There are 2 protein chains.
Amino acid sequence: MKSAQHASLISRLVEVVGSDHVLTADEAISAHLADWRGRYRGAAICVVRPASTAEVSAVVRACAQVGVAMVPQGGNTSLCGAATPAPEGDAVLISLSRLRRVRAIDPANNTMTVEAGCVLQTLQEAAAQAGRLFPLSLAAEGSCQIGGNLSTNAGGVQVLRYGNTRELTLGLEVVLPSGEIWDGLRGLRKDNTGYDLKQLFIGAEGTLGIISAAVVKLFPLPRAIATAWLAIASPTQAVRLLGDLQARFGALLTACELVSDLALGLVRKHFPGSQASFSASPWYLLVELSGGDDDQSLRQTLEAFLGEALESGTVSDAVVAQSGEQARRLWALRENIGEAQKLEGVSIKHDVSVPISRIPEFVERAGRELAQSFPEIRIVAFGHIGDGNLHYNQSKSQAGENAVFIAAQPAVNRIVYDLVHELGGSISAEHGIGQLKRDELLRYKSPLEIEMMRAIKRTLDPQGLMNPGKVL
Amino acid sequence: MKSAQHASLISRLVEVVGSDHVLTADEAISAHLADWRGRYRGAAICVVRPASTAEVSAVVRACAQVGVAMVPQGGNTSLCGAATPAPEGDAVLISLSRLRRVRAIDPANNTMTVEAGCVLQTLQEAAAQAGRLFPLSLAAEGSCQIGGNLSTNAGGVQVLRYGNTRELTLGLEVVLPSGEIWDGLRGLRKDNTGYDLKQLFIGAEGTLGIISAAVVKLFPLPRAIATAWLAIASPTQAVRLLGDLQARFGALLTACELVSDLALGLVRKHFPGSQASFSASPWYLLVELSGGDDDQSLRQTLEAFLGEALESGTVSDAVVAQSGEQARRLWALRENIGEAQKLEGVSIKHDVSVPISRIPEFVERAGRELAQSFPEIRIVAFGHIGDGNLHYNQSKSQAGENAVFIAAQPAVNRIVYDLVHELGGSISAEHGIGQLKRDELLRYKSPLEIEMMRAIKRTLDPQGLMNPGKVL
């Protein structure tokens, strides 16, 4: 019975997008059914690849008519299993990859209208070709798609200056769970005409509808960039230095990344050519300024600031990149941490935020409590200190011990998340909830807030068909 | 029957807040029942003034239990009648003025936790005392309250750099229509744990609940400020100059205000001491840079830029303020436009936005079409060109003719709003909808979007008690 219904739905979908774009063979759909970290594997009735908003609408309408669930997927780089269907295989996976047009660039308005399947890096490049900056930047930018960035409110390394994806978004086009198309594609910086509906879909991980296009903000290309790697004693020094940098440079400070020595050590081990011409230190900061007049004078201003910081002892060593190539190498030390960890083996990962002022307390107390419960634990800590956002990951160095440790994840999570909660923080700063943190969400959100979220979900998706089993 | 019920409700409210804070006498409540522009006058069962979130909650619970509507009110500076109750007098007006504590300032986190009744200017001052900038700034700042700023997503003169109130808000505390208190008071720059519920209440004009407190962003105090008044030929030149300023100064550009010669003329007429030591021109730009190293070098950089602009002819005259006092006088030319118009007499006002690239076309076509339909019309145009936001107001100079003209407001609105709509703009850029633009909202929003808004309203306020007759 069920398979007859599925066959009929597949026929209908073939009518909409053509037989080349309804995939059912295992080898064709396999890569869509597992997540990047390899934690989840699901199944699907088929993978359907619409090429336009109208086709997305027709696909959604067809599924909704027969009450079949839908899982939207972009570049499939979620770190929480948000784009992986459930193992039951009773949903249609909708890949947005073919919606990849840049519909318009308006340089005088500093906006760009883009479709959901555009790869982030191609958008950065399209903006640059128009003499503008699209500042969203994160490790997966070569394969993640803007629809996924929007649906997870992606963060990255320039949030300090430019904000999260939410702050970069002026308008959305969304295919609602009914298949209706909501055209909210406005390119306005001020529009106070009622409830700001786009905010509901940004960060909803596809549970309220499918974002098919967006109007995003562009910025002037910075005339100059200066990059430095600083050796510092502690997170307390890092917070102090962040405040000094902000007081001195204001909006010129576009990145401030904290890296622990252990995190750097993994990069050095797995990427042997890594540049590291600075003295060893328990902690480091990667700092980037952009704006100003020209590279040389911006670099000199930064060097002058660092000279004072070295003298006063807030910084113990500093390297200022003297070329774009040197800057890229310093950035690689930071960007390769994720990959180095993956090469090193499985670890328990946390993507948390606390008020910036509480970062030192968090690092100190979480480290102490974890070490008490799990001797010889290795803690890899790094992240966007300017946003109060730490990637805080744990493992053990011996493979056998590590397997036992990984099995203790609930106890590790409890220590980390209880402390995050106590400090007024978030258990998911930029990665979202997906499948990974649904139970944790129920633990740390108030019942009132959960009920408000559920009420919104029921209102916009009364059949409960959009990306079931994610977030709520 | 009704008045017995009202008397019983009043008794209950007196139990909650004390008899001093439940006002019923005409002379005590009169000022609460009319709007600042004098367009609307309503009535109310009483004005109740809770002093804490708990009291707001108890007040809302008492009203909800007997199905009585509520109108929240802050500084009562709405330009759309959003805080004025209906004439029927069957609602309770809840004044938030007594919730005026700054609960916390966290300089290292660059946040401030404030109650709804805090006057905007006192928040600017509190931030400055902590060595920080709270950048929200608008003409009513001496009397408007942050709860109203949040509920209307207020804009103002620094949106170009710092965003609207929405972008300045990290967390909210809201008393829901049931009286339950939602504690969303987070001070996090990254928090991707489900739907971002605070976004619903920001800009909802009190129709979904009552904002009682918020966590807002602070910024480093700029080390230097430079202000200039430029004479320019046209809006086309203004948009070009804006692009040049952004390319040259990036985030240092914090304000870019367009002023028409007619707008400036009204200020000169009604504020005779106004400084105006520059040559007359059809249009002007007020430009402010903030950041950089020190006042003198920032001023010199701006002067160098303007020297080139004068030479190339994009600017026909320029005055750079040589002191804070001179800068204040230049700002007064812009800030006094609203008051000068009020002194001049009644006018038809529009607060619209279009993509920045369409500003010249809007000004040209709207001016032409209005002059065709209404000979000798006076158009006062000014606003935040960096946000695509124009205040676009019309009147006639003779009082008698003006009265006839004002009666033709629907026809004037149609010309202006049809064009705004055609150009992809907004009929309310920063003032909101209130009572003033409800019908226009229905005309220009798609039925699908209106229905989504109504569904959200029904979900969060099923009894329809919160600020009825506003927005929807």
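In the text below, chain A, chain B and the rest are named by the order of the sequence lines, each starting its count at 1. Note that the structure is predicted; figures quoted are calculated from it, not measured.
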*Top residue by heavy-atom pair count (under 4.5 Å) with chain B, among A:Ile356, A:Ile433, A:Leu188?*
A:Leu188

*For residues B:Leu245 and B:Phe305, determine if any side-chain heavy atom of one lies less than 4.5 Å from a side-chain heavy atom of the other.*
yes

*Region of A:Asn389 that comes under 4.5 Å of a non-hydrogen atom in chain B*: side chain

*Picking from B:Leu221, B:Leu460, B:Thr301, B:Asp293, which has the most non-hydrogen pairs under 4.5 angstrom with chain A?*
B:Asp293

*Is the shortest heavy-atom distance from the side chain of B:Lys445 to the side chain of A:Thr193 under 4.5 Å?*
yes

*Minimum heavy-atom distance between A:Thr254 and A:Tyr162, given as atom pair plus value*: CG2-CE1, 3.8 Å

*Residues in residues 173-181 of chain A that sit under 4.5 Å from chain B, counting heavy atoms only*: A:Leu176, A:Glu180, A:Ile181

*Between A:Arg443 and A:Tyr417, is any pair of side-chain heavy atoms under 4.5 Å apart?*
no

*B:Leu185 side chain reached by B:Leu172 side chain, heavy atoms, under 4.5 Å*: no

*With respect to chain A, which residue among B:Pro107, B:Gly187, B:Ser446, B:Ser353 yields the maximal number of heavy-atom pairs within a distance under 4.5 Å?*
B:Ser353

_Segment of A:Asn110 engaging chain B (4.5 angstrom heavy-atom cut-off)_ = side chain

_So for A:Ala455, is it side chain, backbone, both, or neither that comes closer than 4.5 Å to the heavy atoms of chain B?_
both

*If you count heavy-atom pairs under 4.5 Å with chain B, which of A:Thr207, A:Leu242, A:Ile427, A:Asp183 comes out on top?*
A:Thr207

_Side-chain heavy atoms of A:Lys437 within contact of A:Asp351, under 4.5 Å_ = yes

*Flag the one option from A:Ile359, A:Leu472, A:Leu160, A:Thr459 with the top tally of heavy-atom pairs under 4.5 Å to chain B.*
A:Thr459

*Contacting region of A:Leu170 [heavy-atom separation from chain B under 4.5 Å]*: neither

*asked:* Main chain of A:Lys470, side chain of A:Asn467: is a donor-acceptor contact present, judged purely on distance under 3.5 Å?
replied: no

_Contact class of A:Leu197 relative to chain B, heavy atoms under 4.5 angstrom_ = side chain

*Pair B:Arg454 + B:Glu451, salt bridge at N-O below 4.0 Å*: no

*Checking A:Phe201 against chain B: side chain, backbone, both or neither under 4.5 Å from a heavy atom?*
side chain

*Side chains of B:Leu298 and B:Leu252: closer than 4.5 Å at any heavy-atom pair?*
yes

*Select, from A:Glu167, A:Arg189, A:Arg223, the one with the greatest count of heavy-atom pairs under 4.5 Å involving chain B.*
A:Arg223

*asked:* What part of A:Arg166 gets within 4.5 angstrom of chain B, counting heavy atoms only: side chain, backbone, both, or neither?
replied: side chain

*If you tally heavy-atom pairs under 4.5 Å against chain A, which of B:Arg358, B:His384, B:Arg132 wins?*
B:His384

*Who wins among B:Glu449, B:His431, B:Glu440 for the most heavy-atom pairs under 4.5 Å with chain A?*
B:Glu449

*Return the option, out of A:Gly243, A:Ala247, A:Gly184, with the maximum number of heavy-atom pairs under 4.5 Å with chain B.*
A:Ala247

*Output the option from B:Ser290, B:Pro222, B:Gly194 having the highest count of non-hydrogen pairs under 4.5 Å with chain A.*
B:Gly194

_Option in B:Leu200, B:Ile202, B:Val239 with maximal non-hydrogen atom pairs under 4.5 Å from chain A_ = B:Leu200

*Of all the heavy-atom pairs spanning A:Ala238 and A:Ile385, show the shortest one and how long it is.*
CB-CD1, 3.5 Å

*Proximal component of A:Val352, with respect to chain B [non-hydrogen, under 4.5 Å]*: neither

_Side-chain donor-acceptor contact under 3.5 Å, B:Ser357 with A:Asn109_ = no

_Donor + acceptor pair across side chains of B:Gln158, B:Arg161 (<3.5 Å)_ = no

*Is the count of non-hydrogen atoms from other residues, nucleotides or ligands lying under 6.0 Å from B:Asp439 atom CG greater than 12?*
no

*Where on A:Asp387 is there a heavy atom nearer than 4.5 Å to chain B: the side chain, the backbone, both, or neither?*
both

*Can you name the closest pair of heavy atoms from B:Arg438 and B:Val471 and give their distance?*
CG-O, 3.5 Å

_Counterpart residues, ring-ring contact (aromatic ring centres under 6.0 Å, His included), relative to A:Tyr195 (two or more places apart)_ = none

*Check the side chains of A:His391 and A:Glu430 for a donor-acceptor pair under 3.5 angstrom, ignoring hydrogens and angles.*
yes

*asked:* With a 4.5 angstrom heavy-atom cut-off, is it the side chain or the backbone of A:Thr111 that approaches chain B, or both, or neither?
replied: neither

*Check the pair B:Asn164, B:Asn153 against side-chain hydrogen bond (donor to acceptor under 3.5 Å, both in side chains), reporting the backbone distance first and the verdict last.*
CA-CA 6 Å; B:Asn164 297 289; B:Asn153 184 29; 5.0 Å; no

*asked:* Counting heavy-atom pairs under 4.5 Å with chain B, which one of A:Arg248, A:Glu205, A:Arg186, A:Gln246 comes out on top?
replied: A:Arg248

